[in-house]
Amino acid sequence: MSKIHNAFTVLMGIPTPVVAAPMAGASGGALAAQASAAGAFGFIGAGYLTSTGIQEELSIARAQLHLSETDTLPIGVGYLGWQLEKDPSSAIDLLNVALSNRVRAIWLAFGNNIGRWIEYVRSYDASSGRNHKTLIFLPISSVDAALTAIHDWKVDILVAQGSESGGHGYRVAPPLLTLVPAVLAVLPKEGPPLLAAGGLSTGGHIASLLTLGTSGVVLGTRFLMTKESFYNEVQKKMLVAANASSTVRTMSFDLARGTLDWPEGIDGRAIYNRTVKDIDDGVDVEIVRENWDKARQNGDADRILVWAGTGVELITEIQSTQDVVWELHADMMKYLSLVSALIAT
Ligand SMILES: Cc1cc2nc3c(=O)[nH]c(=O)nc-3n(C[C@H](O)[C@H](O)[C@H](O)COP(=O)(O)O)c2cc1C
Ligand SMILES: *[C@@H]1O[C@H](CO)[C@@H](O)[C@H](O)[C@H]1NC(C)=O
Ligand SMILES: CC(=O)N[C@H]1CO[C@H](CO)[C@@H](O)[C@@H]1O
(Lines give C-alpha, C1' and ligand atoms only; values in the text may rest on other atoms or scores of the structure.)
(Ligands and ions follow the chains in the order given, each with its own letter.)
Protein backbone atom coordinates (compact mmCIF):
# COMPACT_ATOMS: atom_id res chain seq x y z
CA MET A 1 0.00 0.00 0.00
CA SER A 2 1.43 3.40 -0.91
CA LYS A 3 1.49 5.92 1.90
CA ILE A 4 1.50 9.66 2.41
CA HIS A 5 4.86 11.11 3.39
CA ASN A 6 4.71 14.47 5.18
CA ALA A 7 5.55 16.14 8.49
CA PHE A 8 2.48 14.70 10.22
CA THR A 9 2.67 11.07 9.02
CA VAL A 10 6.40 10.95 9.75
CA LEU A 11 5.93 12.40 13.27
CA MET A 12 3.18 9.87 14.03
CA GLY A 13 4.69 6.95 12.11
CA ILE A 14 1.43 6.29 10.22
CA PRO A 15 0.66 5.82 6.49
CA THR A 16 -2.69 7.65 6.37
CA PRO A 17 -2.94 11.36 7.34
CA VAL A 18 -6.29 10.88 9.09
CA VAL A 19 -7.24 11.33 12.73
CA ALA A 20 -10.42 9.92 14.27
CA ALA A 21 -11.49 12.81 16.51
CA PRO A 22 -11.95 12.51 20.25
CA MET A 23 -15.74 12.45 20.67
CA ALA A 24 -17.12 12.71 24.19
CA GLY A 25 -19.77 10.04 24.67
CA ALA A 26 -19.02 8.47 21.28
CA SER A 27 -15.40 7.37 20.77
CA GLY A 28 -13.94 4.76 23.12
CA GLY A 29 -11.02 2.36 23.13
CA ALA A 30 -12.41 0.17 20.34
CA LEU A 31 -12.92 3.01 17.87
CA ALA A 32 -9.51 4.54 18.66
CA ALA A 33 -7.70 1.20 18.43
CA GLN A 34 -9.34 0.18 15.14
CA ALA A 35 -8.55 3.57 13.57
CA SER A 36 -4.88 3.26 14.55
CA ALA A 37 -4.73 -0.42 13.52
CA ALA A 38 -5.94 0.55 10.03
CA GLY A 39 -3.18 3.15 9.56
CA ALA A 40 -4.86 6.33 10.82
CA PHE A 41 -4.64 7.71 14.38
CA GLY A 42 -7.50 7.28 16.85
CA PHE A 43 -8.56 9.22 19.95
CA ILE A 44 -10.66 8.21 22.93
CA GLY A 45 -13.05 11.02 23.90
CA ALA A 46 -12.51 11.24 27.66
CA GLY A 47 -15.03 14.12 27.91
CA TYR A 48 -17.40 13.07 30.71
CA LEU A 49 -15.61 9.84 31.79
CA THR A 50 -14.17 9.18 35.27
CA SER A 51 -10.56 8.05 35.58
CA THR A 52 -11.85 4.46 35.98
CA GLY A 53 -13.86 4.85 32.78
CA ILE A 54 -10.83 6.16 30.90
CA GLN A 55 -8.72 3.25 32.17
CA GLU A 56 -11.35 0.78 30.95
CA GLU A 57 -11.28 2.27 27.45
CA LEU A 58 -7.47 2.30 27.42
CA SER A 59 -7.44 -1.37 28.42
CA ILE A 60 -9.85 -2.21 25.60
CA ALA A 61 -7.56 -0.44 23.14
CA ARG A 62 -4.47 -2.17 24.54
CA ALA A 63 -6.11 -5.59 24.22
CA GLN A 64 -7.37 -4.97 20.68
CA LEU A 65 -3.90 -3.82 19.60
CA HIS A 66 -2.27 -6.87 21.29
CA LEU A 67 0.05 -4.68 23.36
CA SER A 68 1.55 -5.40 26.77
CA GLU A 69 1.05 -3.21 29.86
CA THR A 70 4.36 -1.43 29.34
CA ASP A 71 4.10 -0.77 25.58
CA THR A 72 3.43 2.73 24.27
CA LEU A 73 -0.25 3.03 23.19
CA PRO A 74 -0.50 4.35 19.60
CA ILE A 75 -3.72 6.24 20.32
CA GLY A 76 -4.61 9.51 22.03
CA VAL A 77 -7.01 10.75 24.70
CA GLY A 78 -9.07 13.93 24.25
CA TYR A 79 -10.07 16.04 27.26
CA LEU A 80 -12.53 18.89 27.66
CA GLY A 81 -10.70 21.76 29.38
CA TRP A 82 -13.77 22.99 31.26
CA GLN A 83 -14.32 19.53 32.74
CA LEU A 84 -10.72 19.49 34.03
CA GLU A 85 -11.13 23.04 35.36
CA LYS A 86 -14.18 22.10 37.48
CA ASP A 87 -11.93 20.29 39.97
CA PRO A 88 -8.16 20.62 39.43
CA SER A 89 -7.19 17.78 41.80
CA SER A 90 -9.36 15.20 40.04
CA ALA A 91 -8.15 16.70 36.75
CA ILE A 92 -4.67 15.45 37.61
CA ASP A 93 -6.10 11.95 38.16
CA LEU A 94 -7.88 12.10 34.80
CA LEU A 95 -4.71 13.17 32.99
CA ASN A 96 -2.49 10.70 34.88
CA VAL A 97 -4.50 7.72 33.64
CA ALA A 98 -3.61 8.54 30.04
CA LEU A 99 -0.04 9.59 30.83
CA SER A 100 0.77 6.47 32.87
CA ASN A 101 -0.59 4.37 30.00
CA ARG A 102 2.02 6.02 27.73
CA VAL A 103 -0.50 7.23 25.16
CA ARG A 104 1.04 8.80 22.07
CA ALA A 105 -1.02 12.00 22.29
CA ILE A 106 -3.31 14.19 24.35
CA TRP A 107 -5.92 16.52 22.84
CA LEU A 108 -7.01 19.56 24.88
CA ALA A 109 -9.98 21.73 23.94
CA PHE A 110 -12.59 24.16 25.22
CA GLY A 111 -11.07 25.47 28.45
CA ASN A 112 -10.07 28.80 29.95
CA ASN A 113 -6.80 27.44 31.26
CA ILE A 114 -5.45 25.14 28.55
CA GLY A 115 -1.86 26.35 29.08
CA ARG A 116 -1.91 24.92 32.61
CA TRP A 117 -2.78 21.38 31.38
CA ILE A 118 -0.18 21.52 28.63
CA GLU A 119 2.43 22.49 31.21
CA TYR A 120 1.33 19.56 33.40
CA VAL A 121 1.69 17.04 30.56
CA ARG A 122 5.15 18.40 29.74
CA SER A 123 6.27 18.26 33.38
CA TYR A 124 5.02 14.66 33.65
CA ASP A 125 7.11 13.70 30.61
CA ALA A 126 10.14 15.46 32.11
CA SER A 127 9.94 13.49 35.37
CA SER A 128 12.89 11.22 36.09
CA GLY A 129 12.96 7.76 34.59
CA ARG A 130 10.35 8.60 31.98
CA ASN A 131 11.42 8.22 28.40
CA HIS A 132 8.30 9.17 26.49
CA LYS A 133 7.04 12.25 24.66
CA THR A 134 3.31 12.90 24.69
CA LEU A 135 2.27 14.89 21.64
CA ILE A 136 -0.16 17.74 22.29
CA PHE A 137 -3.00 18.25 19.78
CA LEU A 138 -4.93 21.52 20.00
CA PRO A 139 -7.97 22.64 17.98
CA ILE A 140 -8.27 26.34 17.09
CA SER A 141 -10.77 28.33 15.03
CA SER A 142 -9.03 31.67 14.56
CA VAL A 143 -5.60 33.04 13.65
CA ASP A 144 -5.27 34.60 17.14
CA ALA A 145 -5.85 31.26 18.82
CA ALA A 146 -3.36 29.65 16.42
CA LEU A 147 -0.67 32.20 17.34
CA THR A 148 -1.11 31.52 21.07
CA ALA A 149 -0.98 27.75 20.47
CA ILE A 150 2.15 28.01 18.32
CA HIS A 151 4.21 30.62 20.19
CA ASP A 152 3.05 30.49 23.83
CA TRP A 153 2.18 26.82 24.18
CA LYS A 154 4.37 25.31 21.44
CA VAL A 155 1.79 22.62 20.66
CA ASP A 156 2.93 19.64 18.61
CA ILE A 157 -0.05 19.48 16.25
CA LEU A 158 -2.50 22.24 15.42
CA VAL A 159 -6.05 21.48 14.25
CA ALA A 160 -7.98 24.13 12.30
CA GLN A 161 -11.64 23.51 13.18
CA GLY A 162 -14.09 25.10 10.75
CA SER A 163 -17.74 25.98 11.29
CA GLU A 164 -18.79 22.84 9.38
CA SER A 165 -17.67 20.68 12.34
CA GLY A 166 -19.96 18.34 14.22
CA GLY A 167 -20.10 18.64 18.00
CA HIS A 168 -18.79 21.65 19.87
CA GLY A 169 -16.78 24.46 18.37
CA TYR A 170 -16.55 28.23 18.15
CA ARG A 171 -19.82 29.86 17.11
CA VAL A 172 -17.96 32.37 14.91
CA ALA A 173 -15.52 29.85 13.37
CA PRO A 174 -15.02 30.59 9.66
CA PRO A 175 -15.53 27.85 7.08
CA LEU A 176 -12.53 25.57 6.63
CA LEU A 177 -11.61 26.92 3.17
CA THR A 178 -11.12 30.37 4.73
CA LEU A 179 -9.60 29.31 8.05
CA VAL A 180 -6.92 26.96 6.66
CA PRO A 181 -5.12 29.45 4.35
CA ALA A 182 -5.32 32.15 7.05
CA VAL A 183 -3.62 29.87 9.59
CA LEU A 184 -1.07 28.58 7.06
CA ALA A 185 -0.05 32.20 6.41
CA VAL A 186 1.16 32.57 10.04
CA LEU A 187 2.50 29.02 10.50
CA PRO A 188 6.30 28.94 10.95
CA LYS A 189 8.22 26.78 8.44
CA GLU A 190 9.40 24.39 11.15
CA GLY A 191 5.85 23.45 12.12
CA PRO A 192 3.73 22.41 13.97
CA PRO A 193 1.88 20.33 11.35
CA LEU A 194 -1.58 21.72 10.61
CA LEU A 195 -4.62 19.44 10.32
CA ALA A 196 -8.11 20.40 9.12
CA ALA A 197 -11.42 19.46 10.78
CA GLY A 198 -15.04 20.08 9.90
CA GLY A 199 -17.51 18.57 7.45
CA LEU A 200 -14.95 16.19 5.93
CA SER A 201 -16.36 12.81 4.92
CA THR A 202 -14.59 11.47 1.84
CA GLY A 203 -11.19 10.69 0.36
CA GLY A 204 -11.77 13.53 -2.12
CA HIS A 205 -12.17 15.94 0.81
CA ILE A 206 -8.88 14.75 2.29
CA ALA A 207 -7.03 15.09 -1.03
CA SER A 208 -8.33 18.64 -1.42
CA LEU A 209 -7.22 19.67 2.09
CA LEU A 210 -3.75 18.18 1.48
CA THR A 211 -3.65 20.17 -1.76
CA LEU A 212 -4.54 23.31 0.16
CA GLY A 213 -1.42 22.79 2.30
CA THR A 214 -2.48 20.95 5.45
CA SER A 215 -0.64 17.85 6.65
CA GLY A 216 -3.76 15.85 7.39
CA VAL A 217 -7.37 15.87 8.53
CA VAL A 218 -9.52 15.12 11.56
CA LEU A 219 -12.88 13.41 11.04
CA GLY A 220 -15.57 13.11 13.70
CA THR A 221 -18.96 12.50 12.13
CA ARG A 222 -17.62 9.95 9.63
CA PHE A 223 -16.32 7.87 12.56
CA LEU A 224 -19.53 8.41 14.52
CA MET A 225 -21.13 6.37 11.71
CA THR A 226 -19.20 3.19 12.56
CA LYS A 227 -19.97 -0.06 14.34
CA GLU A 228 -17.51 0.91 17.09
CA SER A 229 -18.99 4.31 18.01
CA PHE A 230 -21.14 4.48 21.17
CA TYR A 231 -24.11 6.05 19.38
CA ASN A 232 -27.23 3.84 19.57
CA GLU A 233 -29.30 2.46 16.69
CA VAL A 234 -31.75 5.39 16.68
CA GLN A 235 -28.94 7.94 16.56
CA LYS A 236 -27.13 6.06 13.79
CA LYS A 237 -30.37 5.85 11.77
CA MET A 238 -30.77 9.62 12.09
CA LEU A 239 -27.19 10.13 10.87
CA VAL A 240 -27.78 7.88 7.85
CA ALA A 241 -31.00 9.76 6.98
CA ALA A 242 -29.58 13.26 7.53
CA ASN A 243 -28.65 15.63 4.71
CA ALA A 244 -26.58 18.83 4.58
CA SER A 245 -29.59 20.94 5.62
CA SER A 246 -30.29 18.78 8.68
CA THR A 247 -27.61 20.28 10.95
CA VAL A 248 -27.50 23.56 12.88
CA ARG A 249 -25.16 25.22 15.35
CA THR A 250 -27.08 25.48 18.63
CA MET A 251 -26.93 25.56 22.44
CA SER A 252 -30.36 23.90 22.72
CA PHE A 253 -29.06 20.47 23.66
CA ASP A 254 -26.64 21.86 26.23
CA LEU A 255 -29.58 23.75 27.76
CA ALA A 256 -31.68 20.56 27.70
CA ARG A 257 -29.08 18.34 29.34
CA GLY A 258 -27.59 21.00 31.63
CA THR A 259 -24.01 21.16 30.30
CA LEU A 260 -23.51 24.91 30.56
CA ASP A 261 -19.89 25.35 31.65
CA TRP A 262 -18.47 25.74 28.14
CA PRO A 263 -16.17 28.76 27.72
CA GLU A 264 -17.55 31.92 26.13
CA GLY A 265 -18.39 31.70 22.43
CA ILE A 266 -18.91 27.93 22.10
CA ASP A 267 -21.91 26.13 20.67
CA GLY A 268 -22.33 22.80 18.90
CA ARG A 269 -23.49 21.47 15.53
CA ALA A 270 -26.24 18.83 15.79
CA ILE A 271 -29.20 17.46 13.84
CA TYR A 272 -32.14 19.88 14.02
CA ASN A 273 -35.26 18.50 15.71
CA ARG A 274 -38.02 19.51 18.12
CA THR A 275 -35.63 20.22 21.00
CA VAL A 276 -33.98 22.96 18.91
CA LYS A 277 -37.33 24.24 17.67
CA ASP A 278 -38.75 24.43 21.22
CA ILE A 279 -35.79 26.51 22.46
CA ASP A 280 -36.02 28.77 19.39
CA ASP A 281 -39.77 29.18 20.03
CA GLY A 282 -39.13 30.24 23.64
CA VAL A 283 -40.54 27.14 25.35
CA ASP A 284 -39.56 27.07 29.06
CA VAL A 285 -36.16 25.37 29.50
CA GLU A 286 -37.45 23.16 32.34
CA ILE A 287 -40.12 21.75 30.02
CA VAL A 288 -37.62 21.21 27.20
CA ARG A 289 -35.38 19.45 29.70
CA GLU A 290 -38.13 17.08 30.89
CA ASN A 291 -39.17 16.26 27.32
CA TRP A 292 -35.58 15.69 26.28
CA ASP A 293 -34.94 13.37 29.21
CA LYS A 294 -38.04 11.30 28.39
CA ALA A 295 -37.08 11.17 24.71
CA ARG A 296 -33.59 10.01 25.62
CA GLN A 297 -35.05 7.07 27.56
CA ASN A 298 -37.55 6.22 24.80
CA GLY A 299 -35.21 6.78 21.85
CA ASP A 300 -37.51 9.43 20.35
CA ALA A 301 -35.81 10.85 17.24
CA ASP A 302 -37.97 13.97 17.36
CA ARG A 303 -36.08 15.24 20.45
CA ILE A 304 -32.84 13.30 21.12
CA LEU A 305 -29.35 14.70 20.70
CA VAL A 306 -27.29 13.72 17.65
CA TRP A 307 -24.14 15.80 17.07
CA ALA A 308 -23.18 15.91 13.38
CA GLY A 309 -21.11 17.94 10.93
CA THR A 310 -22.28 19.18 7.55
CA GLY A 311 -20.60 16.24 5.76
CA VAL A 312 -23.20 13.88 7.24
CA GLU A 313 -25.19 14.04 3.98
CA LEU A 314 -22.49 12.17 2.05
CA ILE A 315 -22.45 9.04 4.22
CA THR A 316 -25.37 6.64 3.99
CA GLU A 317 -24.15 3.50 5.75
CA ILE A 318 -22.65 2.32 9.03
CA GLN A 319 -19.30 0.61 8.43
CA SER A 320 -16.49 -0.81 10.55
CA THR A 321 -13.86 1.75 11.57
CA GLN A 322 -11.14 -0.15 9.68
CA ASP A 323 -13.22 -0.18 6.48
CA VAL A 324 -13.72 3.59 6.80
CA VAL A 325 -9.97 4.22 7.09
CA TRP A 326 -9.13 1.91 4.17
CA GLU A 327 -11.80 3.45 1.96
CA LEU A 328 -10.66 6.99 2.81
CA HIS A 329 -7.05 6.08 2.06
CA ALA A 330 -7.80 4.45 -1.30
CA ASP A 331 -10.09 7.29 -2.43
CA MET A 332 -7.64 9.97 -1.29
CA MET A 333 -4.87 8.30 -3.35
CA LYS A 334 -7.15 8.12 -6.39
CA TYR A 335 -7.96 11.85 -6.19
CA LEU A 336 -4.34 12.82 -5.63
CA SER A 337 -3.21 10.97 -8.77
CA LEU A 338 -6.06 12.51 -10.76
CA VAL A 339 -4.89 15.95 -9.66
CA SER A 340 -1.23 15.39 -10.49
CA ALA A 341 -2.29 14.08 -13.92
CA LEU A 342 -3.83 17.51 -14.66
CA ILE A 343 -0.41 19.10 -15.07
CA ALA A 344 0.70 19.29 -18.70
CA THR A 345 4.44 19.34 -19.40
C1 LIG B 1 -20.28 13.32 18.77
C2 LIG B 1 -19.13 14.28 18.76
C3 LIG B 1 -18.44 14.50 19.94
C4 LIG B 1 -17.35 15.38 19.96
N5 LIG B 1 -16.65 15.54 21.13
C6 LIG B 1 -15.55 16.33 21.14
C7 LIG B 1 -14.74 16.41 22.31
O8 LIG B 1 -15.00 15.77 23.32
N9 LIG B 1 -13.64 17.23 22.28
C10 LIG B 1 -13.32 17.95 21.16
O11 LIG B 1 -12.34 18.67 21.18
N12 LIG B 1 -14.06 17.87 20.04
C13 LIG B 1 -15.16 17.08 20.00
N14 LIG B 1 -15.88 16.96 18.83
C15 LIG B 1 -15.43 17.70 17.63
C16 LIG B 1 -14.34 16.92 16.90
O17 LIG B 1 -13.12 17.05 17.60
C18 LIG B 1 -14.09 17.43 15.46
O19 LIG B 1 -13.58 18.73 15.51
C20 LIG B 1 -15.34 17.41 14.59
O21 LIG B 1 -16.03 16.20 14.76
C22 LIG B 1 -14.95 17.58 13.13
O23 LIG B 1 -16.08 17.78 12.33
P24 LIG B 1 -16.91 16.60 11.61
O25 LIG B 1 -17.73 15.98 12.71
O26 LIG B 1 -17.74 17.31 10.64
O27 LIG B 1 -15.94 15.63 11.03
C28 LIG B 1 -16.97 16.08 18.78
C29 LIG B 1 -17.68 15.83 17.61
C30 LIG B 1 -18.73 14.95 17.57
C31 LIG B 1 -19.43 14.70 16.26
C1 LIG C 1 -33.18 17.10 4.33
O2 LIG C 1 -33.61 16.60 5.59
C3 LIG C 1 -34.66 17.36 6.17
C4 LIG C 1 -34.97 16.75 7.53
O5 LIG C 1 -33.82 16.60 8.28
C6 LIG C 1 -35.88 17.32 5.25
O7 LIG C 1 -36.88 18.16 5.80
C8 LIG C 1 -35.50 17.84 3.87
O9 LIG C 1 -36.58 17.67 3.00
C10 LIG C 1 -34.30 17.05 3.33
N11 LIG C 1 -33.88 17.63 2.06
C12 LIG C 1 -33.62 16.90 0.98
C13 LIG C 1 -33.18 17.64 -0.23
O14 LIG C 1 -33.70 15.69 0.99
C1 LIG D 1 -39.75 19.76 14.52
C2 LIG D 1 -38.74 18.98 13.74
O3 LIG D 1 -38.06 19.50 12.87
N4 LIG D 1 -38.61 17.68 14.05
C5 LIG D 1 -37.64 16.80 13.41
C6 LIG D 1 -36.68 16.27 14.48
O7 LIG D 1 -35.82 15.30 13.92
C8 LIG D 1 -36.47 14.18 13.37
C9 LIG D 1 -35.40 13.16 12.97
O10 LIG D 1 -34.45 13.75 12.12
C11 LIG D 1 -37.37 14.61 12.22
O12 LIG D 1 -38.04 13.48 11.71
C13 LIG D 1 -38.35 15.65 12.73
O14 LIG D 1 -39.11 16.15 11.63
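Just so you know, ligand 1 is whichever comes first in the structure, and atom 1 is the first atom listed for that ligand. Values in this document were obtained by computation on a predicted structure and should not be read as measured data.
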J.: Quick check on the hydrophobic clustering: are L200 and F43 connected, directly or via other members, by side-chain heavy-atom contacts under 4.5 Å?
T.: no

J.: Is G198 in contact with ligand 1, taking contact as a heavy-atom separation below 4.0 Å?
T.: yes

J.: Check ligand 1 against G309 and write out every atom of the ligand that is under 4.0 Å from a heavy-atom position of the residue.
T.: 26 (O)

J.: How close does the nearest protein non-hydrogen atom get to atom 5 (O) of ligand 2, and which residue and atom is it?
T.: S246 OG, 3.2 Å

J.: Counting both backbone and side chain atoms, is some N or O of T221 under 3.5 Å from an N or O of ligand 1?
T.: yes

J.: Nearest protein heavy-atom contact for atom 6 (C) of ligand 3: which residue, which atom, what distance?
T.: N273 CB, 2.5 Å

J.: Look at atom 4 (C) of ligand 1 and say which protein heavy atom is nearest, naming residue and atom and giving the distance to 0.1 Å.
T.: M23 CA, 3.4 Å

J.: Kindly give the heavy-atom pair with the smallest separation between I54 and L94, and that separation in Å.
T.: CD1-CD2, 3.9 Å

J.: Looking at ligand 3, does any of its N/O atoms fall within less than 3.5 Å of an N/O of D302?
T.: yes

J.: Based purely on interatomic distance, does A24 place a nitrogen or oxygen under 3.5 Å from a nitrogen or oxygen of ligand 1?
T.: yes

J.: Take the angle between the ring planes of F253 and W307 and call it parallel below 30°, perpendicular above 60°, tilted in between.
T.: perpendicular

J.: Flag yes if more than 12 heavy atoms outside H5 fall under 6.0 Å of its NE2 atom; otherwise flag no.
T.: no

J.: For atom 1 (C) of ligand 3, find the nearest protein heavy atom and state the residue, atom name and distance (0.1 Å precision).
T.: R274 NH2, 3.7 Å

J.: Specify side chain, backbone, both or neither for Y231, according to which of its non-hydrogen atoms lie closer than 4.0 Å to ligand 1.
T.: side chain

J.: Can E286 and R289 be counted as an ion pair, charged N to O under 4.0 angstrom?
T.: yes

J.: Any idea which heavy atoms bring T221 and G166 closest together, and the distance?
T.: OG1-CA, 4.2 Å

J.: Polar-atom distance check: G199 versus ligand 1, any N or O pair below 3.5 Å?
T.: yes

J.: So, regarding S245 and ligand 2 (criterion: nitrogen or oxygen to nitrogen or oxygen, under 3.5 Å), is there a contact or not?
T.: no

J.: What is the nearest protein non-hydrogen atom to atom 6 (C) of ligand 2, stated with its residue, atom name and distance?
T.: N243 ND2, 4.2 Å

J.: Nearest protein heavy atom to atom 4 (N) of ligand 3: under 4.0 Å?
T.: yes

J.: With rounding to the nearest 0.5 Å, note down the distance linking CD1 in I271 to CE in M238.
T.: 5.0 Å

J.: Below 3.5 angstrom, do we get any N/O pair linking W107 and ligand 1?
T.: yes

J.: Rounded to the nearest 0.5 Å, how far apart are CD1 of I206 and OH of Y335?
T.: 11.0 Å

J.: Please tell me if atom 9 (O) of ligand 2 is touched by the protein, where touching means a protein heavy-atom distance below 4.0 Å.
T.: no

J.: I need the nearest protein heavy-atom contact for atom 19 (O) of ligand 1: residue, atom name and distance, please.
T.: Q161 NE2, 2.9 Å

J.: Do R296 and D293 sit within salt-bridge range, that is, some charged N less than 4.0 Å from a carboxylate O?
T.: yes

J.: Between the main-chain N or O of T202 and the side-chain N or O of H205, is there a donor-acceptor pair closer than 3.5 Å?
T.: yes

J.: Can you sort out which atoms of ligand 1 are near A109, meaning under 4.0 Å from one of its heavy atoms?
T.: 11 (O)

J.: If you measure from atom 6 (C) of ligand 1 to every heavy atom of G167, P22, G45, which option wins on shortest distance?
T.: P22

J.: Quick check: is W107 connected to I44 through a chain of hydrophobic side chains (ILVMFWY, heavy atoms under 4.5 Å apart)?
T.: no

J.: Using a 4.0 Å cutoff against the non-hydrogen atoms of L80, which atoms of ligand 1 qualify?
T.: 7 (C), 8 (O), 9 (N)

J.: Can you list the atoms of ligand 3 that are under 4.0 Å from a heavy atom of A301?
T.: 7 (O), 8 (C), 9 (C)

J.: Contact between ligand 1 and F223 is defined here as a heavy atom of the residue under 4.0 Å from a ligand atom; is it met?
T.: no

J.: Can you pull out the closest protein heavy atom to atom 21 (O) of ligand 1? Residue, atom name and distance to 0.1 Å, please.
T.: G220 CA, 3.3 Å

J.: Which residue holds the protein heavy atom closest to atom 10 (O) of ligand 3, what is that atom called, and what is the gap in Å?
T.: M238 CE, 4.0 Å

J.: Looking at Y272, which atoms of ligand 3 are within less than 4.0 Å of one of its heavy atoms?
T.: 3 (O), 6 (C), 7 (O)

J.: Find all atoms of ligand 1 within a distance of less than 4.0 Å from any non-hydrogen atom belonging to L219, and give their numbers and elements.
T.: 27 (O)

J.: Which is closest to atom 24 (P) of ligand 1 by heavy-atom distance: G166, S163, A197?
T.: G166

J.: For atom 16 (C) of ligand 1, what's the nearest protein heavy-atom neighbour? Residue, atom name and distance, please.
T.: A21 CB, 3.6 Å

J.: For Y79 and F110, what are the C-alpha separation, side-chain angles and deciding distance, and is it a side chain to side chain contact (heavy atoms under 4.5 Å, CB included)?
T.: CA-CA 9 Å; Y79 292 90; F110 310 135; over 6 Å; no

J.: Does a sphere of radius 6.0 Å around NZ in K237 hold more than 12 heavy atoms from other residues, nucleotides or ligands, not counting ones at 6.0 Å or beyond?
T.: no

J.: Indicate yes or no for a side-chain donor-acceptor contact from D71 to the backbone of L67 under 3.5 Å, with no hydrogens or angles considered.
T.: no

J.: Over 60° means perpendicular and under 30° means parallel, so classify the ring planes of H168 and W262, tilted if in between.
T.: parallel

J.: Could you report the tightest heavy-atom contact between M332 and I4, atom names first, then the distance?
T.: CE-CG1, 3.6 Å

